Amino acid sequence: MKIDLADQINEILLDSIKKIIRQDNFQIKDIPKMILLIPKNKSHGDLSTNIAMQLSRELKSKPLDIAHLIVSNLDIQDTIVDKVKIAGPGFINFWLNENWLYKILDEIREQGENYGKVNLGKGKRVQVEFVSVNPTGPLHVGHGKCAAVGDALSGILKAAGYEVEKEYYINDQGKQIDILGQSVQVRYNNFLEEKREFPADGYKGEYIFDIAKEIIDKFQDKYKGRDDKETQEFFKVFTLKKILSGIKKDLKDFGVEFDVWFSEKSLYEQNKLQEVIELLQQRGFLYEEKGALWLKSTVFGDEKDRVVIRENNIPTYFASDIVYHQNKYQRGFDKVIDIWGADHHGYINRMKAAAQALGYSEDFLDVLIVQFVTLIKDGKEVGMSTRGGEFITLRDLMREVGKDVARYFFLMRSYDSHTEFDLDVAKSQSMENPVYYIQYAYARICSIIKKAEQEGIKIDKNKKVNLHLLDKEEEIELIKKLSSLKEVVRKSALTWKPHLLTTYLYDLASSFHKYYTVHRVITEDKELTKARLILIDCTRMVLFNTFKILGISAPESM
RNA sequence: GCGCCUGUGGCUCAAUAGGAUAGAGCAACGGACUUCUAAUCCGUAGGUUGGGGGUUCGAUUCCCUCCAGGCGCGCCA
C-alpha cells in the first residue's frame, strides 16, 4: 500500500519540528495535531498547514518566525512536494508535483468500489440503534429523517472501517400497547354496531379503522361484545403484528435494512430486569422512597434521581431501557450510538447515568439527537402526533417525491438543525432538485461511456494511457475533488455528520458538469479520448461509492 | 424558572477540530444548445454571520450576557 500523500507531508513536517526543538532547546509538551487542509484559494497551494500558528502559543514566539524555522529545516528531497512557501500570518503552503494527481486516478482504478474507504475504526464494533418507534402507528416524516440519518451514519462508519450493527428496538409491551389493542377493539365493535366507549388516550388514526375492518374480514363477529383476557390479547397481538410489519415494509422500501429487531418483551420473558436491579443494588445506586425504587442518577450528573420501580410495583419505561442497555453492553460492542428524536433529549442524562451506574465507561454510550422536521403542505404546517392521528406518513412522502429525494433531503443539512420540508417545493421543483442534479452527472457519464463503446473505443487496463494529457483547469479541478473523498469520509465518520457527504456529492457533480460543458470527452484525438474516458470513469466510480454509502441510487440513464 | 438545539444575502442551507477574500442552490436580472442528455453551463446583483462584551496572531466557529424560535423538564411512553 502506498503512503498517503498527506502522511508523507506530515512526516517531513514532524521531522523539521523535532529538529528545531533539539537545536533551539525549545520546551514543548506535545506537538499539536497536524492539520493539513486544502486551501480554498488556489494561490495558497495544493495543501496547507497552520502548524506554525498552533505552535506559537507554546513556543512563545511569533508564528512567522516559527514558520521560517520550520521551512528552513524541511527536507523535501524525494518527496511529492515541489515548492514550499510561507504566507499570511504564518501558513505554510505546499505545491505538489503534478504527478500526484495522476496517481489518484491510478488509485481509484485500482481500488474500484473500495476507493473512499479508510481505516479509522480498525474493526471496532459499533452498534447504531435508530428509529425504534413505538409500534402504535405508521412511520411519519420525522421518523424518516431519523432513519435516513441512522442509515447513512452506519454506512459512513462502515466505510471508515468500523464493524457496524444496525438495530431497531421494539417497545412491544406496556401501557401504550394495551391502549392500542383497546383502540382497535372499540372500532371493531363499533363497526358491528356494538356500543363501546373509546379510551380517553386511545389512538385515533385512520389506520386503526383499517385494522378493525381487516379483523372483521378475517374473523367476522367472533370477538363481538367480548372482553375477556383472551380477546384483549388477540387485539393486542394482531394489531402489533400488523403495524410492525407495516413499519418493516416502509423502512425496507426506504432502503433501510436492520441487522437486529430487538423486542422489549423478550427482556421481560428472560427476567433480565431482576438481574439488573440486583446489580444496581449491589453497586449501591438504588434506594427506596415513598414506596418506589429510585436510581441515584444524580451521582452521574442527572438533574434528579429517577424512579425505576413504581409504588404499584410496575417497572417504569426507564427500567426497561436500563435493562436494554445492559444487554447491549453484554453483546460486546465497543461503542453504542442511540439516535433519538429531539423530544427525547431530556432523557440523555439519565440514560448515560444509568450506563455508568452499571459500571460502563462514560463514552460507551452516545446519544445523537435529530431535530424535528417541520413539514409544510399547501403552505401551512402539518402536525405530527401519532395519537392525534394527523400526520403525513413516510409512505406518503415516498409516494410523492420518491425514495432518493426523501433520503437526500433529510441528509443534505445537518441533522441538528430543525429543517423545513416543504412538500410542495420538493415536488414542484423536482426538476431543479439537487438529487437529480447529482444523479444526472452520473447518468451523463454512463451515457458517454456507452457511446465510446459503441464507437469501439476501449480502455485496455494493461496498456499505458498518458494521463498527463489531462492538463486543463477543469480536469485538474475534478481530479482534486476526486482525491478528497477519503478525507470527507474520515471527517464525517469522526464527527458523525452525514451531510458532509451530500455536500461533497453536490460539489463533485458540479465540477463534472462544468468540465462537461467546456470539454468534449470523445474527440478525434485517440490518446486524449482515452485519458478523458479514464477521468470520467473515475468520477463515475467516486459518485457511485458515495451514493452507496448514503443509500441513494445511481441511475445509468434519466 | 432550568436544560438541550437553532439564529449566516429576500428564501433554504454550507463553511473541512479556531484559519487566509464567509460559499452554494432557489428567487431576480443578462447570456450560452448544428455538440457525448440544456435535468447543464457562464455572468450581474445581494452580508455589520440576531445584539453586546470577552479569550488571541486570527472568531460564523470557543466563553459570558441579552434577544428570538423549537423542544424538553412525570412513579407517561
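A, B, ... follow the sequence lines: proteins, then strands. Residue 1 opens every chain. Since the model is a prediction, treat every value here as computed from it, not as a measurement.
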Report yes or no: do [X] and [Y] form a side-chain donor-acceptor pair below 3.5 Å?
X: A/Lys497; Y: A/Ser492; answer: no
X: A/Asn171; Y: A/Glu264; answer: yes
X: A/Ser43; Y: A/Asn41; answer: yes
X: A/Asp305; Y: A/Tyr287; answer: yes

Atom pair distance, as rounded to whole Å: [atom1] in [X] and [atom2] in [N]:
X: A/Ile438; N: B/U40; atom1: CD1; atom2: C1'; result: 14 Å
X: A/Met412; N: B/U12; atom1: CE; atom2: C1'; result: 7 Å
X: A/Tyr436; N: B/A39; atom1: OH; atom2: P; result: 14 Å
X: A/Asp404; N: B/A39; atom1: CG; atom2: P; result: 19 Å
X: A/His418; N: B/C71; atom1: NE2; atom2: P; result: 9 Å
X: A/Met351; N: B/G72; atom1: CE; atom2: P; result: 20 Å
X: A/Glu473; N: B/C42; atom1: CD; atom2: P; result: 12 Å
X: A/Lys145; N: B/C71; atom1: NZ; atom2: P; result: 14 Å

In whole angstrom, give me the gap between the [atom1] atoms of [N] and [M].
N: B/G25; M: B/U65; atom1: C1'; answer: 35 Å
N: B/U8; M: B/C62; atom1: P; answer: 16 Å
N: B/U6; M: B/C64; atom1: P; answer: 14 Å
N: B/C41; M: B/G52; atom1: C1'; answer: 45 Å
N: B/C42; M: B/G58; atom1: C1'; answer: 35 Å
N: B/U12; M: B/U55; atom1: C1'; answer: 33 Å
N: B/A15; M: B/A22; atom1: C1'; answer: 7 Å
N: B/G43; M: B/C66; atom1: C1'; answer: 43 Å

Among the candidates [options], find the nucleotide nearest to the side-chain atoms of [X].
X: A/Arg444; options: B/A38, B/G72, B/C41; result: B/A38
X: A/Met558; options: B/A39, B/C71, B/G19; result: B/A39
X: A/His513; options: B/C41, B/U12, B/U21; result: B/C41
X: A/Lys304; options: B/C73, B/U35, B/U21; result: B/C73
X: A/Pro89; options: B/U40, B/C57, B/U35; result: B/C57
X: A/Pro63; options: B/G72, B/C57, B/A15; result: B/C57
X: A/Tyr506; options: B/C57, B/C75, B/A24; result: B/A24

Query - 5'-most by nearest nucleotide on RNA chain B - A/Val521 or A/Ile38 - result: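 The residue whose closest nucleotide sits nearer the 5' end is A/Ile38.
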**Report entry** Nearest-nucleotide 5' precedence on RNA chain B, A/Val307 against A/Ser510
**Finding:** A/Ser510
Quick one: is [N] close enough that its OP1 or OP2 comes under 4.0 Å of any side-chain N or O from [X]?
X: A/Arg350; N: B/C73; answer: no
X: A/Arg310; N: B/A77; answer: yes
X: A/Arg306; N: B/G74; answer: no
X: A/Tyr437; N: B/C41; answer: yes
X: A/Lys514; N: B/C42; answer: yes
X: A/Lys40; N: B/A20; answer: yes
X: A/Tyr516; N: B/A38; answer: yes
X: A/His519; N: B/C36; answer: no

So what does [X] hit on the nucleic acid, given a heavy-atom distance under 4.0 Å: a base, only sugar-phosphate, or nothing?
X: A/Tyr347; value: base
X: A/Ile445; value: nothing
X: A/Lys62; value: nothing
X: A/Asp416; value: sugar-phosphate
X: A/Ala87; value: base
X: A/Asn93; value: base
X: A/Phe372; value: sugar-phosphate
X: A/Ala342; value: sugar-phosphate
X: A/Leu494; value: base
X: A/Ala441; value: nothing
X: A/Ser484; value: nothing

First locate atom [atom1] of [X], then atom [atom2] of [Y], and finally report the distance between them rounded to the nearest 0.5 Å.
X: A/Lys486; Y: A/Arg490; atom1: NZ; atom2: CZ; value: 7.5 Å
X: A/Thr539; Y: A/Arg444; atom1: OG1; atom2: CZ; value: 13.0 Å
X: A/Tyr515; Y: A/Thr517; atom1: OH; atom2: OG1; value: 11.5 Å
X: A/Asn545; Y: A/Leu501; atom1: CG; atom2: CG; value: 11.0 Å

Applying the Watson-Crick and G-U wobble criteria at under 3.5 Å, what pairs with [N]? Answer none if nothing qualifies.
N: B/A22; value: none
N: B/G1; value: B/C73
N: B/U48; value: none

Query raised in the report: Could one point to a donor on the side chain of A/His344 or the base of B/G72 with an acceptor on the other under 3.5 Å away?
Result: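 Such a pair does not exist between side chain and base.
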Requested in this report: Specify the glycosidic conformation (syn or anti) of B/C41, with syn defined as within 90° of 0.
Outcome: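 Classified anti.
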Report task. State, with a plain yes or no, whether a side-chain heavy atom of A/Leu273 is found less than 4.5 Å away from one of A/Ile309. Result -> yes
Requested in this report: Measure from the ring centre of A/Phe91 to the centre of the six-membered ring in the base of B/G19, then say whether that distance is under 5.5 Å and the planes meet at under 30°.
Outcome: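 So no, this residue does not stack on that base, at least one cut-off failing.
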Query raised in the report: With stacking defined as ring centroids separated by under 5.5 Å and planes differing by under 30°, is A/His44 stacked against B/A20?
Result: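 Aromatic stack with B/A20 present for A/His44.
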Query raised in the report: Considering residues, nucleotides and ligands other than A/His513, do more than 12 of their heavy atoms fall under 6.0 Å from its NE2?
Result: yes
